[in-house]
Amino acid sequence: NSLLLPIGVRFYFAYLLMYLNSFTHQTGWMATKGVFKALILKPKAMKQRLAIQRNKRVSDEYIKSILWDDLPPDQTGIRKVRKLFTGK
């Protein structure tokens, strides 16, 4: 799938920043439990993803065209980090 790598990298980078930020709000333990739960569920999710991809009805280009190509408006911290790397 041509979207998994570019979107996955951005997602996991943003997720990492949100995870690290949870420790500044004293919710790091809950976030850590969530990470472990996600790791446990990942194999099943990937199996389901493969089944969905086999039966897809639209192209990757169409999916990419309807995705929002920016951060959520309330993610000011991530926007600051992005500005360090991209200048925008």
Side-chain angles (χ1 to χ4, degrees):
N1 184 335
S2 65
L3 297 176
L4 184 59
L5 187 60
I7 296 197
V9 168
R10 288 182 4 193
F11 171 79
Y12 283 112
F13 181 69
Y15 188 82
L16 174 65
L17 293 176
M18 289 185 277
Y19 172 73
L20 295 174
N21 189 47
S22 72
F23 288 94
T24 65
H25 299 286
Q26 286 78 41
T27 56
W29 173 243
M30 289 186 290
T32 301
K33 288 192 321 187
V35 167
F36 281 114
K37 182 70 170 181
L39 290 173
I40 290 168
L41 295 173
K42 191 71 167 174
K44 182 179 178 183
M46 290 306 290
K47 189 175 182 181
Q48 291 172 336
R49 182 181 186 283
L50 290 172
I52 290 167
Q53 288 296 312
R54 277 194 295 270
N55 296 314
K56 70 181 181 178
R57 305 227 192 284
V58 297
S59 68
D60 291 346
E61 291 76 29
Y62 172 73
I63 297 295
K64 189 173 182 177
S65 76
I66 63 172
L67 290 175
W68 185 262
D69 198 31
D70 198 7
L71 297 167
D74 62 340
Q75 294 299 320
T76 55
I78 295 175
R79 287 184 183 282
K80 290 175 188 173
V81 172
R82 178 180 69 177
K83 191 172 185 176
L84 291 173
F85 291 103
T86 65
K88 60 177 181 170

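Since the model is a prediction, treat every value here as computed from it, not as a measurement. Side-chain atoms are counted along with the backbone in the values below, which use heavy atoms only and exclude waters and symmetry mates.
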| query | Going only through I, L, V, M, F, W and Y residues with side-chain contacts under 4.5 Å, is there a path from Leu20 to Tyr15? | reply | yes
| field | Reference residue Lys44; test side chain to side chain contact (heavy atoms under 4.5 Å, CB included); the match among Lys42, Gln48, Lys47 | value | Gln48
| task | To the nearest 0.5 Å, tell me how far Leu67 CG sits from Ile63 CD1. | result | 7.0 Å
| Check against side-chain contact (heavy atoms from CB on, under 4.5 Å), Ile7 and Lys64 | CA-CA 9 Å; Ile7 296 197; Lys64 189 173 182 177; 5.6 Å; no
| query | Between CE of Met18 and CZ of Phe11, what distance do you get to the nearest 0.5 Å? | reply | 6.5 Å
| field | For Asn21 against Thr24, the heavy-atom pair lying closest together | value | O-OG1, 2.6 Å
| What distance do Arg57 atom CZ and Ile52 atom CD1 have between them, rounded to the nearest 0.5 Å? | 12.5 Å
| message | Using a 4.5 Å cut-off between side-chain heavy atoms of Ile, Leu, Val, Met, Phe, Trp and Tyr, which other residues end up in the same hydrophobic cluster as Leu50? | response | none
| Rounded to the nearest 0.5 Å, what separation is found between the CD atom of Gln53 and the CG atom of Asp60? | 6.5 Å
Atom pairs and distances, donor-acceptor, side-chain atoms in residues 25-41, under 3.5 Å, two or more places apart:
from, atom 1, to, atom 2, distance (Å)
Thr27, OG1, Ser22, O, 3.1
Thr32, OG1, Tyr19, OH, 2.7
Thr32, OG1, Gly28, O, 2.8

| message | So, using side-chain contact (heavy atoms from CB on, under 4.5 Å) as the criterion, who are the partners of Val9 when residues are at least two apart? | response | Leu5
